[in-house]
Every structure is written in structure tokens, then in C-alpha cells.
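Note on naming: letters A, B, ... go to the chains in the order of the sequence lines (proteins, then strands), and numbering restarts at 1 for each one.
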Protein chains: 2
Amino acid sequence: MARAGITADRLARAAAEVADELGFDHVTGSAVARRLGVKEPSLYAHIRNARELKVRVALLALQEMADQTAAAIAGRAGKDALTALAGVYRDYARTHPGRYAASRHELDPETAADSAGPRHAEMLRALLRGYDLPEPCQTDAVRFLGGAIHGYVSLEAAGSFSHTPRDTDASWAWALDTLDLALRARSANPD
Amino acid sequence: MARAGITADRLARAAAEVADELGFDHVTGSAVARRLGVKEPSLYAHIRNARELKVRVALLALQEMADQTAAAIAGRAGKDALTALAGVYRDYARTHPGRYAASRHELDPETAADSAGPRHAEMLRALLRGYDLPEPCQTDAVRFLGGAIHGYVSLEAAGSFSHTPRDTDASWAWALDTLDLALRARSANPD
DNA sequence: TAGTCAGCCTAATATAATTAGGCAAAACAT
DNA sequence: ATGTTTTGCCTAATTATATTAGGCTGACTA
């Protein structure tokens, strides 16, 4: 019988497509096998268990977002960089909702450490250098900024904003202005 | 045979306990039935399908959080109110991780409209009156604030902060200070 | 060219979701 | 109190997913 040529990579990619089209929790062994035209048990030569499928989508999403972010902030600083970085997350969540959901999937510590997760934190930290905040609160600012961006994007993706007529692009611009304002105020006025 | 006395309410409560103990995606018909000491098919007299179980947990969580928030912000204003409101979310996420996850579960529009979701938005709006922002951007501020709080709490709950030694309570205080600062700056300096 | 191995298969089992239909307890009418 | 209806839970059976065991064959390797 002709071989399908499954690799861990093609598998992750197929799973990511399922996630984007049907939702992250429809990433199941059978859905992925169907899409690849193989029988379900064949997957188990490449993955340990069905959970690993979701983990692979998460890793893929984290990496794609990190790559795009790196490209977006290269050569930018200050509010420009902030807008670019945050825009990547928002665009990614809108074009790849399933992968974005996957990127929030909880990973065990070793897997997380090997993922692109730390790169995200580093890039936030780099971005914040433009606001020169005093040492001790830089981590606070990374957490704050990461949370604010993720929170906005995830509420928007979940449809939590669609009950109010206000244009979400305008709200997004306002949010970025406010974040920039806050960070600048903070560096002028540290505690 | 002695009747177990299942009601939609006891069912939601049992499902919420499962969520907090095992995680929101372990909220399954069989887990809940086991916990209630009944056979799985018996549930289907009270719920339409297994998805509805999760929806009920979501509704319960939204309501509990809204009630606690209302109590917390009563008689407070400004930063005091902000601290109280945000504290409720954070505490809830830490004491009831499964329910908190459930509260982010996507609901169809009618269900969402009947949920405590709108109360959350109203309370945020009320809180923001203390910062008297000009009309057009009040919705922006609700979205920004909601996102920032949810984002921080959800990243913390997902363990995204545990790779860095910095105390998360300190970061939390810094985030609240920054939000307060930002909102005050915004009202002084609107666009 | 024979041998090993990898990659996919079929078969079989367990758990979750769901429907159909039975039986007894509770509620209700007389 | 008794007969009837309703309701709440059960058993049995079906379908989908997750997983293990073991077989066949096409593809590299000596």
C-alpha cells in the first residue's frame, strides 16, 4: 500500500489546520487521521498519545507567533514596536483562532522551557527597554503587558466585545495608546 | 430504587466541583454522574447534551464572580474599587481554577445575553465612572480594563509567570497601580 | 539479493456520548 | 385509600474516540 509519508511535522500542521477550521478542542486523533488519509492507529507511531497532538499545535503556534513578532519589532522601538508586537498577536488570533487557542494550552515545565515561550518573554523585555523602567519592576511590566495584550485579544476572539456596537479597531488603538501612556508615565514616575 | 434527587442545579454544582478538582475539560457526563452516584444516561433527563454541562458551569461561575464583585465594589470608588474588583477575579481564579476557565467558555449569543456576563460589563463601566473619561472611549476603557485583568489572571493561572522568580503579588500590585495611573492620565489627557 | 526495519494496516478493548424503552416511586385525582 | 399519571432513574444498545497488539509490505542496507 502506498505510504502516506507522515512525519511529526506534517502531523502538527494537519492538527493546526483542524484547530483553525473546527476549533482547538476538535483536535482529535481521528480528525487528524481523516485529514491525512490514514487510519487512526497509524498516528501512534509518531505521537505518544492524543494529548501530544494538542501540545504540538501549541508549540507550532508559539513558534510561528514568535517568528512573526521578531520580524515585526526588528528595527522598531517605543510605541512603534509596541504597536507592531501587539498587532502580530491580534492578527494571529484572528487568522488562526485555533492555533491561538492552542498557544494558551498548558504545557508541562520542560516542554514549556523548550518552547518558543521564553522568546516571547524576551521580546517583551526588549520592547520595554525602550521605556527604560527601573530594574525591579521590569518583570512586572512584562507580565502586565503580556497580560493586557493577551487579555484583549482573547476576549475579542471569544466574542466578548460583539455585544457593544463600538468598533473594535478603535478600542484597540485606544488600548495601545493607553499602554504606551502608562509605560511612559511609569518610567517618569517609578515606585 | 431510592431516587438521587438530581436537579439542574445540583448537576451544575457537581460539574463545577469536577472542574475545580480535575480541570475544566474533565467535565464529562460520566465524571459528573459518578460523583452524583447515578448512571450516566440519567443525566439526559436534565440536560440536552454533554456540552450543556460545561455551559452550566460557565453560567454558575459568571454568576458567582458577578455576585462577589458587586459585594466587593459596593461603597468603593477609584483605585479602591479597582483593587477590589480585580482582586475578586484573581482570587476566584486561584480558588476555583476550573470554574474560572469555564467562565471563558464561549457561549452562544442568547445564552450569553441571559448570563451574568452583562453585569460584569456594567460593573466595569460603573467603576470607570470614577475616572470620568469622555463618552466615546468608555467602551474602549471597559474592554481595555477587562482584558488587562483577565489577561493577567489567566496567564498567572496558566503558570506563565512561574518561570521568573519575581513575586507575583508584587507584580499584581504594580499592574493595578499602572492601570490606575493610566486611567487617571487618560481622563486628564483624552483624545 | 537477502534481510532488516519502518510505516501503515486490521483487529480488539476501554471510555465517553447518546438514544430507546422499562419499571418503580412520587404526585395527583377521585 | 385507591387508581392513574407522571417523572426519575435504570438497563441495553449504538457510535465515536483513544489506545494496544500484532501482521504485512515496501524501502533501505549488507
Inset, instruction - For B:A45, report the nucleic acid contact type (base, sugar-phosphate, nothing); a contact means any heavy atom under 4.0 Å. - result: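 Answer is nothing: B:A45 stays at 4.0 Å or more from every strand.
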Answer yes or no: does a side-chain N or O of [X] lie under 4.0 Å from OP1 or OP2 of [N]?
{"X": "A:S42", "N": "C:dG7", "value": "no"}
{"X": "B:H46", "N": "D:dC9", "value": "yes"}
{"X": "A:R34", "N": "D:dT17", "value": "yes"}
{"X": "A:T28", "N": "D:dA16", "value": "no"}

Output the rounded distance in Å from [atom1] ([X]) to [atom2] ([N]).
{"X": "A:R51", "N": "D:dT17", "atom1": "CZ", "atom2": "C1'", "result": "14 Å"}
{"X": "A:I47", "N": "D:dA18", "atom1": "CD1", "atom2": "P", "result": "9 Å"}
{"X": "A:E40", "N": "D:dT15", "atom1": "CD", "atom2": "C1'", "result": "13 Å"}
{"X": "A:R35", "N": "D:dT17", "atom1": "CZ", "atom2": "C1'", "result": "18 Å"}
{"X": "A:N49", "N": "D:dA18", "atom1": "CG", "atom2": "P", "result": "10 Å"}
{"X": "A:L43", "N": "C:dT10", "atom1": "CG", "atom2": "P", "result": "14 Å"}
{"X": "B:L36", "N": "D:dC9", "atom1": "CG", "atom2": "P", "result": "10 Å"}
{"X": "B:K39", "N": "C:dC23", "atom1": "NZ", "atom2": "P", "result": "18 Å"}

Legend entry - Centroid separation A:H96 to A:Y92 less than 6.0 Å: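 Judged by ring-centre distance (under 6.0 Å), A:H96 and A:Y92 do meet the cut-off.
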Legend entry - Ring centroid separation B:Y152 to B:Y89 under 6.0 Å: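 That pair fails the under 6.0 Å test.
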Of the listed nucleotides ([options]), which one gets closest to any side-chain atom of [X]?
{"X": "B:V38", "options": "C:dA17, D:dC10, D:dT19", "value": "D:dC10"}
{"X": "B:P41", "options": "D:dC9, C:dA16, D:dA12", "value": "D:dA12"}
{"X": "B:Y44", "options": "C:dT10, D:dT11, C:dA17", "value": "C:dA17"}
{"X": "A:S30", "options": "D:dA12, C:dC8, D:dA18", "value": "D:dA18"}

Legend entry - Where A:A116 and A:A66 come nearest, the two heavy atoms and their spacing: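 It is CB-CB, 4.0 Å.
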Legend entry - Spacing of A:H120 atom NE2 and A:L85 atom CG [to the nearest 0.5 Å]: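 CG of A:L85 is found 9.0 Å from NE2 of A:H120.
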Inset, instruction - Assess the side chains of B:H46 and B:T7: does a donor N or O sit below 3.5 Å from an acceptor N or O? - result: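 Not at all, the side chains of B:H46 and B:T7 share no donor-acceptor pair under 3.5 Å.
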